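First the structure, in the form of structure tokens, and then the observations on it.
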Amino acid sequence: MAMVMTASLSLPCRLAARALPCRTMYRGMASGFLVNEPKYQFLKDLGIQEQNSGVFDGQWKGSGEVVTSFSPANGQPIASVVTGNLADYESCVVEAEKAWQMWADVPAPHRGEIVRQIGQELRDNLEPLGKLVSLEMGKIVPEGVGEVQEYVDICDYAVGLSRMFSGKVIPSERPGHALLEQWNPLGVIGIITAFNFPVAVYGWNSALAMACGNTMIWKGAPTTPLTSVAITKCVAKVLEKNSLPGAISALCQGGTDVGQKMASDPRVKLVSFTGSTAVGKHVAQAVQERFGKHLLELGGNNSLIVAADADLEMVVRATVFACVGTAGQRCTTLRRLILHETVYDEVLEKLKKGYSSIMKRVGDPLDDGTLYGPLHSKVGVEGYLKTLEDAKKAGGKVEFGGNIIEGEGNYVEPTIISGLAHDAAVVHRETFAPIVYVLKCSSVEEGIAINNEVEQGLSSSIFTTDLGNVFKWLGPKGSDCGIVNVNIPTSGAEIGGAFGGEKSTGGGRESGSDAWKQYMRRSTCTINYTKELPLAQGIKFE
């Protein structure tokens with residue numbers, strides 16, 4: 001039931017087996033939403049009301065279930081969204097196809113100008129959008145603002161790209177012939193995003209896809225619908241100002257049925273899916289069944305190797321951020337810390353001290369000074385507890401944390417576990433929570449083998465001062481991940497490089513480098529500008 005919020009109260013915080021500083025709690029009484037509270041005025045500044053339409057195809061609508069978005073920090077309702085059903089989805093596809101007919105004819109640099117304006121609209125709303133991400137997803141405000149900044153940055157990148165993406169002119173073996181490559185947009189693409197990065201992942205896809213000449217249908221995460229609505233309002237404002245069809249960038253918040261229809265719909269030429277490996281397999285199979293294209297960003301069981309010669313102060317700082325940032329809910333979060341046996345004890349003790357300092361900064365993610373917020377949902381808390389139970393049964397020792405933080409919201413302690421074999425089942429299973437397994441190796445080579453033995457292949461890092469180790473790590477027998485770092489954490493990727501991973505991570509690439517090619521189709525074109533008809537390979541057919 002919806003709750004009316006009273007003034008915030010500072011309540012004693014209880015933590016099993018550990019004292020914690022107090023964090024702000026909220027108590028309420030009947031029938032209201034946070035959107036009506038003065039503290040959350042930024043919601044109305046973004047156009048969020050008590051009830052919001054969750055479908056946009058040039059017109060705001062929604063005929064599906066009404067869902068309420070809750071704050072993971074206090075469990076209170078923020079606002080509600082009328083989601084879309086299959087009829088709404090159908091309308092989005094039809095309108096997106098119509099919009100593509102004119103959008104594909106717009107010169108690419110002009111499309112880039114529209115993307116530039118979208119980036120500016122996001123800049124103008126950077127702080128309120130960042131606060132919305134913080135409120136609805138649960139990450140701290142600096143991370144929320146930083147996520148919106150990623151969308152801004154990829155817009156800048158796409159503007160330049162709109163004047164640069166090009167094919168090749170290839171030497172032809174036949175006299176009087178030109179051989180070249182031509183890149184063209186795919187058409188309508190579908191984008192399905194996850195709760196942990198409800199803005200950035202959509203931005204990586206949409207900015208490049210728009211510059212390349214595609215139209216889009218976005219299905220945002222079910223538990224962050226307000227962020228999807230607010231971002232779409234920003235994009236729609238720019239499109240309307242330029243007298244362009246709103247369905248260039250359509251939105252259809254909805255349930256599993258919408259996602260399944262998108263995956264199986266031959267009108268949707270590419271489906272970009274971010275989520276779990278298990279669901280990603282179903283998406284991939286449905287898209288492949290119709291010979292569509294898919295771009296998958298799935299699970300990650302990321303590791304960081306610490307060589308005997310590493311700078312241990314840097315290691316500890318990097319590890320704390322990589323493990324507890326976003327409360328362990330980044331796809332690049334550090335899950336396995338592989339320590340050389342000669343530095344194992346020292347790093348573990350320093351890491352525990354680092355975690356102790358983080359516990360002094362637990363609180364409402366909207367508050368200044370908070371470094372560690374809640375898990376996004378009760379499902380995440382349940383996964384955390386289940387993994388702790390399994391780790392203990394397997395012989396693991398909880399070195400730090402291991403408890404729920406009592407009070408309102410989905411708060412758990414960041415946790416360090418030692419004593420498990422590197423190939424234990426629980427270690428090989430990705431848990432989307434702030435749990436890191438501390439493992440031991442006797443050499444860099446053994447560390448690399450441990451890094452590579454899991455099914456996922458997203459992000460990895462090594463800390464070393466030995467150039468030989470660096471190039472071994474980067475080489476063909478090194479890390480098998482899509483992101484291979486040296487002396488930095490596993491998380492915090494820049495937009496200029498392609499983002500994605502190998503193996504069960506899905507093989508997709510988003511953001512920078514040549515990721516734009518996934519949003520276009522390539523044609524090899526041979527042009528004969530003579531009156532002769534020579535065949536390739538010198539074949540004579542006379």
Side-chain angles (χ1 to χ4, degrees), residues 23-26 34 40 43 67-81 83 129-148 150 192-202 219-231 253 255-256 274-279 297-300 322-335 358 362-367 370-388 401 404-405 407-415 430-435 491:
R23 54 185 171 86
T24 303
M25 302 295 184
Y26 299 94
L34 296 184
Y40 308 103
L43 294 171
V67 300
T68 299
S69 178
F70 292 88
S71 167
N74 54 46
Q76 300 299 328
I78 305 169
S80 67
V81 173
T83 62
L129 286 170
K131 287 183 176 180
L132 171 56
V133 172
S134 180
L135 176 64
E136 191 172 38
M137 185 271 150
K139 63 181 63 176
I140 61 175
V141 170
E143 287 187 290
V145 171
E147 183 178 344
V148 181
E150 278 196 65
I192 303 174
T193 57
F195 73 84
N196 61 328
F197 278 85
V199 174
V201 174
Y202 175 69
K219 180 187 178 296
T223 53
T224 54
L226 299 175
T227 300
S228 301
V229 169
I231 290 294
Q253 284 295 126
T256 302
T274 301
S276 70
T277 296
V279 177
E297 295 288 357
L298 309 177
C323 291
V324 308
T326 323
Q329 298 167 107
R330 291 178 176 235
C331 47
T332 54
T333 291
L334 178 57
R335 311 289 180 197
I358 292 295
V362 177
D364 186 330
L366 282 169
D367 290 348
T370 298
L371 283 183
Y372 182 81
L375 291 179
H376 178 64
S377 68
K378 297 299 183 187
V379 173
V381 175
E382 292 168 4
Y384 170 87
L385 293 174
K386 176 65 165 62
T387 295
L388 285 175
I404 290 177
I405 300 174
E408 292 178 329
N410 306 322
Y411 288 83
V412 301
E413 292 180 317
T415 300
E430 180 190 21
T431 299
F432 224 58
I435 298 173
S491 52

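Because the structure is a prediction, the values reported are computed rather than measured.
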(message) Main chain of Val81, side chain of Gln253: is a donor-acceptor contact present, judged purely on distance under 3.5 Å?
(response) no
(message) Let me confirm one number: the OG1-CD distance from Thr193 to Glu297, rounded to the nearest 0.5 Å.
(response) 12.5 Å
(request) Supply the atom-to-atom distance Thr224 OG1 to Ile231 CD1, rounded to the nearest 0.5 angstrom. (result) 10.5 Å
(request) To the nearest 0.5 angstrom, please state how far the CD1 atom of Ile78 sits from the OH atom of Tyr40. (result) 8.5 Å
(request) Check whether any side-chain heavy atom of Asn196 sits under 4.5 Å from a side-chain heavy atom of Thr326, and report yes or no. (result) no
(message) As an exercise, state the distance from CG of Leu366 to OG of Ser71, rounded to the nearest 0.5 Å.
(response) 7.5 Å
(request) Work out which heavy atom in Pro414 is nearest to a heavy atom in Val324; give both atom names and the distance. (result) CB-CG1, 3.6 Å
(message) Quick check: do Leu43 and Leu135 have side-chain heavy atoms less than 4.5 Å from each other?
(response) yes
(request) Please report the shortest heavy-atom distance between Thr277 and Gly299, naming the atom on each side. (result) OG1-N, 3.3 Å
(request) Identify the heavy atoms of Thr333 and Gly325 that sit nearest to each other, and give their distance. (result) OG1-O, 4.4 Å
(message) Please find the pair of heavy atoms, one from Ala327 and one from Pro434, that lie closest to each other, and give the distance.
(response) O-CD, 3.2 Å
(request) Take Glu143 and Phe197 through the test side chain to side chain contact (heavy atoms under 4.5 Å, CB included) and record every step on the way to the result. (result) CA-CA 10 Å; Glu143 287 187 290; Phe197 278 85; over 6 Å; no
(request) Determine yes or no for a side-chain-to-main-chain donor-acceptor pair under 3.5 angstrom, with Arg335 supplying the side chain and Gly328 the backbone. (result) yes
(request) Kindly say whether Gly363 contributes a backbone atom to a donor-acceptor pair with the side chain of Tyr411 at under 3.5 angstrom? (result) yes
Under 3.5 Å, side-chain donor or acceptor atoms of residues 370-381 against the rest of the protein: list the pairs with distances, not counting sequence neighbours.
| unit_1 | atom_1 | unit_2 | atom_2 | d |
| --- | --- | --- | --- | --- |
| Thr370 | OG1 | Asp364 | O | 2.9 |
| Thr370 | OG1 | Asp367 | O | 3.4 |
| Tyr372 | OH | Val412 | O | 2.7 |
| His376 | ND1 | Met137 | O | 3.0 |
| His376 | NE2 | Thr223 | OG1 | 2.7 |
| Ser377 | OG | Val379 | N | 3.3 |
| Ser377 | OG | Gly380 | N | 3.3 |
| Lys378 | NZ | Asn410 | OD1 | 3.0 |

(message) If you compare all heavy atoms of Pro365 against all heavy atoms of Ala73, which two are closest, and at what distance to 0.1 Å?
(response) CD-CB, 3.6 Å
(message) I'd like to know whether Thr415 forms a side chain to side chain contact (heavy atoms under 4.5 Å, CB included) with Thr387, so could you lay out the CA-CA distance, the side-chain angles of the two residues, the decisive distance to 0.1 Å, and finally the verdict.
(response) CA-CA 11 Å; Thr415 300; Thr387 295; over 6 Å; no
(message) I need the Leu388 CG to Ile435 CD1 distance, nearest 0.5 Å.
(response) 4.5 Å
(request) Starting at CG of Asn74, measure out to CD of Glu408 and round the result to the nearest 0.5 Å. (result) 6.5 Å
(message) How close do Gly255 and Lys219 get, counting heavy atoms only, and between which atoms?
(response) O-CE, 3.1 Å
(message) Taking the side chain as everything from C-beta on, heavy atoms only, tell me whether Ile405 gets closer than 4.5 Å to Glu413.
(response) yes
(request) Using modelled atom types only, decide if a donor and an acceptor are shared between the side chain of Ser69 and the backbone of Pro225 within a distance under 3.5 Å. (result) no
(request) Check whether any side-chain heavy atom of Pro198 lies under 4.5 Å from a side-chain heavy atom of Glu147, and answer yes or no. (result) yes
